[in-house]
Structure formats: C-alpha cells, structure tokens
Q: 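Structure incoming, see below.
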Amino acid sequence: MPFLTIAFPEIDPVAISIGPFAIRWYALAYICGIVLGWIYARALIRKEKLWGGPAPIAPVQLDDFILWVTIGIIVGGRTGYVLFYNPAFFIQNPAAILKLWEGGMSFHGGFLGCVAAVMLFALKNKISILSLGDITTAVAPIGIFLGRLANFIKGELWGREADASVPWRMVFPDDPLQLFRHPSQLYEAALEGFLLFAVLAVMIRMGALKRPGLILGSFIAIYGLARIASEFFREPDPQLGFLWDPQLGSWLTMGMLLSVPMIIAGAVLIMTAWRRETPQHIEKSI
C-alpha cells in the first residue's frame with residue numbers, strides 16, 4: 001500500500017448481537033439519532049429564554065411527535081430512494097421496496113417525509129408549523145452525522161478517485177475497481193452533521209427560535225449547500241451516474257439537483273422570518 005494512504009478500518013457491520021438477533025450500525029445510527037435528538041429537543045423546549053416565553057410545543061407533545069417523525073423519516077426516505085435513485089429496478093421488483101435491511105434511503109425523501117409529519121402533527125395539535133419545524137431541524141444534524149458515520153462503517157456511498165495529494169485516501173473493500181478514493185462519507189458527516197449542528201446551535205443561543213422559521217430555513221439552505229459541496233467528492237450512484245450534458249464536464253449529480261430547491265426554499269424562509277416586525281413565538285397553528 002502506498003505511503004500516503006489510510007487503510008480502511010475493518011469494523012464488523014453488526015454492532016450488537018444477542019443470539020439470532022443482530023443490530024447493525026446503520027439501524028443503531030437511526031435509533032441513537034432519534035433518541036439523542038429527542039433529548040436535545042426537550043432541553044431546548046424547557047428553556048423559555050430561547051423562545052422569548054413558553055415554547056410553542058409542550059414536552060408531552062414532543063414525546064408524541066417522535067413516533068410521527070420516525071415514520072416520516074423511514075417512509076419518506078425509502079420512497080425517495082425508490083423514486084429518485086432506482087425507479088426502474090423497483091418497478092420490476094416491487095417486493096424489494098419493503099426490504100429496508102438491504103439498504104437504500106434518500107435524505108431528500110426522508111426530509112419530505114419529515115415535512116409531512118411536522119405539518120400533519122402541528123395542524124392536528126394546533127401548534128405552530130414553523131416552530132415545530134425549527135425544533136425538528138435543530139436536532140436533525142445529530143441523526144445525519146451518525147448516519148454518515150454508519151455509511152462509512154458499512155463501506156458504502158464512497159467517494160470519487162483521489163490522487164496521492166490526499167493523504168487520507170483509502171480503498172473500500174466492496175469497491176469493484178479497488179481505487180484509492182475520498183472517504184466522502186466523513187466529509188458529509190463533518191459538513192452536513194457536525195458543522196450544521198454547530199451553526200444552528202449558535203443561532204439558537206442568539207435568539208433564532210424567537211423568529212419562527214429561521215432555524216428551519218437555515219437548516220434547509222445550509223444543508224443544500226453542504227450536500228452540493230460534498231457531492232463533488234462523492235461517487236454518484238452507479239445506476240444513475242452523472243446527469244445530462246457531458247459537455248458541461250459531467251459534474252452534475254442527482255444529490256446536487258435535489259439540493260437546489262432546498263437552497264431556494266431555505267432562502268425564502270430565512271427572508272420571511274427575518275422580515276417579521278415583532279419576532280415572537282407563535283402559539284396558534286399557521
């Protein structure tokens with residue numbers, strides 16, 4: 001192995017095994033992301049100073065919401081993958097749609113599932129859609145960070161080929177070409193997870209929750225930008241490859257394409273939230 005190369009860490013994909021039952025790192029990332037997000041969200045709700053008064057959602061309502069958002073993430077993530085990334089395969093093999101243990105989840109689909117869960121739960125419980133969206137997206141980077149680490153452990157969604165100037169390049173065991181590649185999963189964990197969480201946390205401490213929709217819009221826009229940046233280092237899904245005109249350099253990917261509307265929608269939400277004359281929490285449904 002060349003000197004400027006890091007060996008891929010051989011980690012058992014099964015995190016916990018008890019008899020015939022096994023929990024893989026990917027599933028554990030989802031579980032821990034939801035649990036840690038719930039704990040962090042409850043801590044934010046308890047701090048009235050962050051909201052300029054009582055939070056627009058009660059802790060007991062948050063507890064009920066966890067089930068809604070979990071279903072939204074799973075159903076939306078799987079549906080997004082089926083529609084955006086591999087529709088031809090699933091048209092021929094519809095039964096495979098339910099085989100979640102074989103992998104295949106789309107962040108953009110999961111995000112839309114989350115949006116649906118937020119809207120339906122907020123309307124049903126007569127609370128602010130934007131404020132519930134703020135609290136949901138404030139904790140979302142935790143799950144994204146853990147999910148990307150799980151992608152790395154599983155050795156999937158690897159990066160594009162890297163030259164010797166990248167000292168952390170590595171060969172992924174399941175790569176049929178056995179090329180030296182960027183560990184793009186770690187790039188995404190850093191940008192879409194750690195950095196995004198830190199930015200939103202600072203904004204919250206500066207009073208962003210007092211402007212409903214500001215955290216939500218910031219999450220959407222920053223994630224879109226971070227995802228586009230990461231896609232320059234990530235190998236496109238093999239069944240899709242690069243999109244459209246090869247004369248443009250064949251750099252556009254499905255992940256980039258799906259992130260553009262997020263940036264636009266996020267910018268609109270940020271401007272709308274910032275222009276409100278009297279920033280305050282909203283206790284009735286929008």
Q: Identify whether the distance between the nearest side-chain nitrogen and carboxylate oxygen of Arg169 and Glu161 falls below 4.0 Å.
A: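 No, Arg169 and Glu161 are not salt-bridged.
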Q: Do the side chains of Asp63 and Arg42 get close enough for a salt bridge, i.e. N-O under 4.0 angstrom?
A: yes
Q: Side-chain contact, heavy-atom cut-off 4.5 Å: Tyr223 with Ile228?
A: no
Q: If we ignore hydrogens and angles and just use 3.5 Å, is the side chain of Ser106 paired with the main-chain N or O of Gly109 as donor and acceptor?
A: yes
Q: Take the angle between the ring planes of Trp68 and Phe121 and call it parallel below 30°, perpendicular above 60°, tilted in between.
A: perpendicular
Q: Tell me which pairs pass side-chain hydrogen bond (donor to acceptor under 3.5 Å, both in side chains) where either residue lies in residues 135-145, with sequence neighbours left out.
A: none
Q: Counting C-beta onward and ignoring hydrogens, is there a side-chain heavy-atom pair between Asp174 and Glu156 closer than 4.5 Å?
A: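 No - every pair of side-chain heavy atoms lies 4.5 Å or more apart.
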Q: Indicate the ring-plane relationship of Phe219 and Phe107, choosing parallel, tilted or perpendicular according to the 30° and 60° boundaries.
A: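 Plane angle between 30° and 60°, so tilted.
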Q: Determine yes or no for a side-chain-to-main-chain donor-acceptor pair under 3.5 angstrom, with Asn151 supplying the side chain and Gln185 the backbone.
A: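 Looks like no, no N/O pair under 3.5 Å.
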Q: Going by heavy atoms in the side chains, are Leu200 and Pro141 under 4.5 Å from each other?
A: yes
Q: Do side-chain atoms of Gln61 reach the backbone of Ala58 as a donor and acceptor pair under 3.5 angstrom?
A: yes
Q: Could you check, using the six-membered ring where one of them is a Trp, whether Phe197 and Tyr40 have ring centers closer than 6.0 angstrom?
A: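 Close enough - the centres of the two rings lie under 6.0 Å apart.
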Q: Using atom types as modelled and distance alone, determine if a side-chain donor or acceptor of Asp163 lies under 3.5 Å from a backbone N or O of Ser165.
A: yes
Q: For Asn125 and Ile127, indicate whether the former's side chain and the latter's backbone hold a donor-acceptor pair under 3.5 Å.
A: no
Q: In sequence, state the C-alpha distance, the side-chain angles, and the governing distance for Leu191 and Leu196, and then conclude on side chain to side chain contact (heavy atoms under 4.5 Å, CB included).
A: CA-CA 6 Å; Leu191 291 176; Leu196 181 52; over 6 Å; no
Q: What I'd like to find out is whether the side chain of Val118 reaches to under 4.5 Å of the side chain of Val69, using heavy atoms alone.
A: no
Q: Report yes or no: is the cationic atom of Arg160 (NZ for Lys, CZ for Arg) closer than 6.0 Å to the six-membered ring centre of Phe233, at no more than 45° off its axis?
A: no
Q: Report yes if some heavy atom in the side chain of Ser230 is under 4.5 Å from a heavy atom in the side chain of Glu192; otherwise report no.
A: yes
Q: Measure from NZ or CZ of Arg234 to the centre of the six-membered ring of Trp158, then state whether that distance is under 6.0 Å and the direction lies within 45° of the axis.
A: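 That pair does not qualify as a cation-pi contact.
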Q: Would you confirm whether Asn86, through its side chain, and Val82, through its main-chain N or O, come within 3.5 Å as a donor-acceptor pair?
A: no
Q: Quick check: do Arg227 and His108 have side-chain heavy atoms less than 4.5 Å from each other?
A: yes
Q: Between Leu157 and Tyr85, is there shared hydrophobic-cluster membership here, with clusters defined by ILVMFWY side-chain heavy atoms closer than 4.5 Å?
A: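 Cluster IDs for Leu157 and Tyr85 differ.
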Q: Verify the distance criterion only: is there a donor paired with an acceptor across the side chains of Thr253 and Glu231 at less than 3.5 Å?
A: yes
Q: Evaluate the side-chain proximity of Leu120 to Lys124: yes if any heavy-atom separation is below 4.5 Å, no if none is.
A: no
Q: State, yes or no, whether a side-chain contact exists between Trp51 and Lys210 at a heavy-atom distance under 4.5 Å.
A: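 No, every pair of side-chain atoms sits at 4.5 Å or beyond.
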